[in-house]
Protein chains: 2
Amino acid sequence: MSNATTRRLPHPELKDVELPAVLFALSDPARLDLVRQLAAQGPLTVAQCQATEPGVPKSTFSHHLKTLREAGLIRNDPAGRQRIVTLRKAEVDERFPALLDAVLSSSPAHPPE
Amino acid sequence: MSNATTRRLPHPELKDVELPAVLFALSDPARLDLVRQLAAQGPLTVAQCQATEPGVPKSTFSHHLKTLREAGLIRNDPAGRQRIVTLRKAEVDERFPALLDAVLSSSPAHPPE
DNA sequence: CCTACTGTTCGATTTGTATCGAACTGTTGG
DNA sequence: CCAACAGTTCGATACAAATCGAACAGTAGG
């Protein structure tokens, strides 16, 4: 039809992004892991990202990428037959100061048991 | 059966709260508004809180309170025949430093139009 | 070239969340 | 005490999101 692997995908401007959308995108453990990985390891291909969450089908993973992208948190740009995923840190920091750092520096809970 | 208006409600310890739960609780505009109001105006009765979101039925509002409470963000304590809702700011700040302040200080987007 | 590869999109199913009316219960004012 | 009040809980319905297989389309390596 129209779209394929290596197509230009729409990226919202951060000015147009609302906080609830960002918080929602980050509220899923798999997506949060991915953002953490991108923050730590810099731009990665989709396949490299996916290595973080093994056992997750490509379509599911791609859906998570879409959610993060539409929330303005990541870029997803074609590069040959792959795609490069980048955390939009500087832009997010300008739009929501201190938010990403707060999220990224948070530690896991020790369970209620 | 068991429960009524003025009953002791369970409040999780912040140690046992996970970040995704907090982010999810804050990702709803109505709940975010409520947290903002509590931050600005201090402890309020449920009825006072509800004045923020007029037209919302009590049961719906109560459900939002439950979500925020289970995420460790607010307390909801009996007081006579009313209830006092309190933002657990200090505890949340200790568990997730800078997170609440980042959320509270964020400004609305000017829409894509 | 043409085949294998990377990753998105589509469509269907399942799961979870939002919403709201109704029932219910401790509390207090008269 | 009894009636009115404040809010939670329950149950049903509607809506949104997660998940996954299959189909698809550029790209590049042989």
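Note on naming: letters A, B, ... go to the chains in the order of the sequence lines (proteins, then strands), and numbering restarts at 1 for each one.
- With rounding to the nearest 0.5 Å, the separation of CD in B:Q82 from CD in B:Q48 is 7.5 Å.
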**OP:** Go through A:L73 and A:V17 one step at a time and tell me if the side chain to side chain contact (heavy atoms under 4.5 Å, CB included) criterion holds.
**Re:** CA-CA 10 Å; A:L73 285 163; A:V17 170; over 6 Å; no
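- What separates CD1 of A:I84 from C1' of C:dT8 is a distance of 16 Å, to the nearest Å.
- Counting heavy atoms from C-beta on, the side chains of A:L26 and B:L19 never come closer than 4.5 Å.
- Note: A:R81 CZ to A:T45 OG1 = 12.5 Å, rounded to the nearest 0.5 Å.
- Atoms CD (A:Q50) and P (D:dC20) sit 11 Å apart, rounded to a whole Å.
- For the pair A:K89 and A:D101, the salt-bridge criterion is met [side-chain N within less than 4.0 Å of a carboxylate O].
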Subject >> Contact letters for nucleotides 16-23 of chain C, in which S counts primed atoms plus P, OP1 and OP2 and B counts the base, heavy atoms under 4.0 Å >> reply: -SSBBBB-
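- One interatomic measurement links the two molecules: CD of B:Q48 to C1' of D:dA6, which rounds to 12 Å at whole-angstrom precision.
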I'd like a list of close polar pairs between nucleotides 3-6 of chain C and the protein, N/O only, cut-off under 3.5 Å.
residue : atom : partner : partner atom : Å
C:dC5   : O4'  : A:R81   : NH1          : 3.3
C:dT6   : O4'  : A:R81   : O            : 3.4
C:dT6   : O2   : A:T5    : OG1          : 2.7

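- Straight-line distance from the CG atom of B:L9 to the C1' atom of C:dT25: 13 Å, rounded to whole Å.
- A:E53 places its CD atom 16 Å from the P atom of C:dG7, with the value rounded to the nearest Å.
- Here the shortest heavy-atom pairing between A:H11 and A:R75 reads NE2-CA, 3.3 Å.
- Rounded to an integer number of Å, the gap from CG of A:L65 to P of D:dT19 is 13 Å.
- Considering only side-chain N and O atoms, B:N76 lies under 4.0 angstrom from the phosphate OP1 or OP2 of D:dT8.
- Each of A:I84, A:L38, A:I74 was scored for a side chain to side chain contact (heavy atoms under 4.5 Å, CB included) with A:P43, with one residue passing: A:I84.
- At most 12 non-hydrogen atoms from other residues, nucleotides or ligands lie less than 6.0 angstrom from CD of B:E13.
- When the P atom of D:dA18 is taken as reference, atom CD of A:E70 falls 11 Å away, rounded to whole Å.
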Please tabulate, for side-chain N and O atoms in residues 63-71 of chain B, each donor-acceptor pair with protein atoms closer than 3.5 Å (sequence neighbours left out).
residue : atom : partner : partner atom : Å
B:H64   : ND1  : B:R31   : NH1          : 3.2
B:T67   : OG1  : B:H63   : O            : 3.2
B:R69   : NH1  : B:P10   : O            : 2.8

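- The distance between atom CG of A:L32 and atom C1' of D:dA18, rounded to the nearest whole Å, is 17 Å.
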